[in-house]
Amino acid sequence: MIIRKAEYKTSVVSLDKIIKDDVPEFAFVGRSNVGKSSLINFLTGRNGLAKASSTPGKTRMINYFDINDSFRFVDLPGYGFAKVGKSQFDVWESTLSQYLIESPSLVMIFFLLDIRHAPSLQDRQMLEYLLFHRLPFSIIATKADKLSKAAIGRQIEMLAKELKLRKEIFLPCSSITGLGKDKILDLIESKLEEK
Ligand SMILES: Nc1nc2c(ncn2[C@@H]2O[C@H](COP(=O)(O)OP(=O)(O)OP(=O)(O)O)[C@@H](O)[C@H]2O)c(=O)[nH]1
Ligand SMILES: [Mg+2]
């Protein structure tokens, strides 16, 4: 899979504006600051396509990107960002979860976890949500450039144990070194072929 074209399509804030058509979608979920927007930029090779920032809470809407005129990436707002008021936070979370169950052409959810940290309570809730609704997902362990090769292996084992998942479904990745890019693109290609 080669991404030769990536374009910003639109952003929506409310559920009634969610795109409902038959273009396959790949969504990126995870806590704020885990690296969702950076991963979209890195996969598409377009820095600045999705707005990334060291300030958590950068992505506040559901952002759609058209890829290769044939599928979409969907950058979702992160959860676990404490600085917003509780009510606004609830709105984000419900929008996020409704997007996940109401999008008709959602093919795959990339669930991002920071490879350096044990999963947060909200990460566990997100996982339960994905399992409960039988949503197709794979786990991207981000920021692997911050660890040695041996430590990457140890952290993947820790995450798999903590979440009671097979360690094979974890893909270590780095938007800085390029680790994981080919595997993620292969996965996207195989999901599109299954359709
Ligand atoms: N070292 C390292 N830093 C990364 C990596 N990916 C993202 N970052 C940094 O992590 C910070 C957050 O990245 P974003 O891509 O904006 O995170 P996000 O998940 O989109 O955050 P929200 O939009 O707030 O939900 C930025 O400072 C990035 O430069 C990575 O693979 N390695
Ligand atoms: Mg973001």
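What you see is a predicted model; the values in this text were computed from it and never measured. For the single chain, residues carry numbers from 1 onward in sequence order. Counting convention: from 1, in listed order, for ligands and their atoms alike.
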Exercise for the section: From atom 30 (C) of ligand 1, work out which of L76, D145, N33 has a heavy atom at the shortest distance. Expected result: D145

Problem - salt bridge (Lys or Arg N to Asp or Glu O under 4.0 Å) partners for R116, two or more places apart - result: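 With sequence neighbours excluded, R116 shows a salt bridge (Lys or Arg N to Asp or Glu O under 4.0 Å) to D114, given in chain and number order.
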
Problem - By salt bridge (Lys or Arg N to Asp or Glu O under 4.0 Å) - contacts of E193 (at least two apart) - result: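 Partners of E193 by the salt bridge (Lys or Arg N to Asp or Glu O under 4.0 Å) criterion come out as none, since no residue qualifies.
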
Just by modelled atom types, is the [Y] backbone N or O under 3.5 Å from a matching donor or acceptor in the [X] side chain?
X: R46; Y: A6; result: yes
X: K36; Y: G30; result: yes
X: S105; Y: D21; result: yes

Handout entry: Side-chain ion pair, K191 and E194, N-O less than 4.0 Å
Key =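 A salt bridge is present here (some side-chain N lies under 4.0 Å from a carboxylate O).
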
Practice task
Flag K143 as yes when one of its N or O atoms lies below 3.5 Å from any N or O atom of ligand 1, and as no otherwise.
Solution key: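 Looking only at distances, the answer is yes, because the N/O contact criterion of under 3.5 Å is met.
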
Practice task
Output yes when the distance from some N or O of ligand 1 to some N or O of D75 is under 3.5 Å, and no in every other case.
Solution key: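 Between D75 and ligand 1, no N or O pair is found under 3.5 Å apart.
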
Under a 4.0 angstrom heavy-atom cut-off, which atoms of ligand 1 come close to [X]?
X: G78; answer: 25 (O)
X: S38; answer: 6 (N), 7 (C), 13 (O), 14 (P), 15 (O), 28 (C)
X: K36; answer: 15 (O), 17 (O), 18 (P), 19 (O), 20 (O), 21 (O), 22 (P), 25 (O)
X: G35; answer: 7 (C), 13 (O), 14 (P), 15 (O), 17 (O), 18 (P), 19 (O)
X: S174; answer: 31 (O)
X: S175; answer: 6 (N), 30 (C), 31 (O)

Exercise for the section: Report yes or no: does S37 have an N/O/S atom closer than 2.8 Å to the Mg ion (ligand 2)? Expected result: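 Checking S37: at least one N, O or S atom is under 2.8 Å.
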
Practice task
Could you go through the ring pair (Phe, Tyr, Trp, His ring centres under 6.0 Å) check for F73 and F71 one step at a time?
Solution key: CA-CA 7 Å; F73 281 166; F71 61 96; 5.8 Å; yes

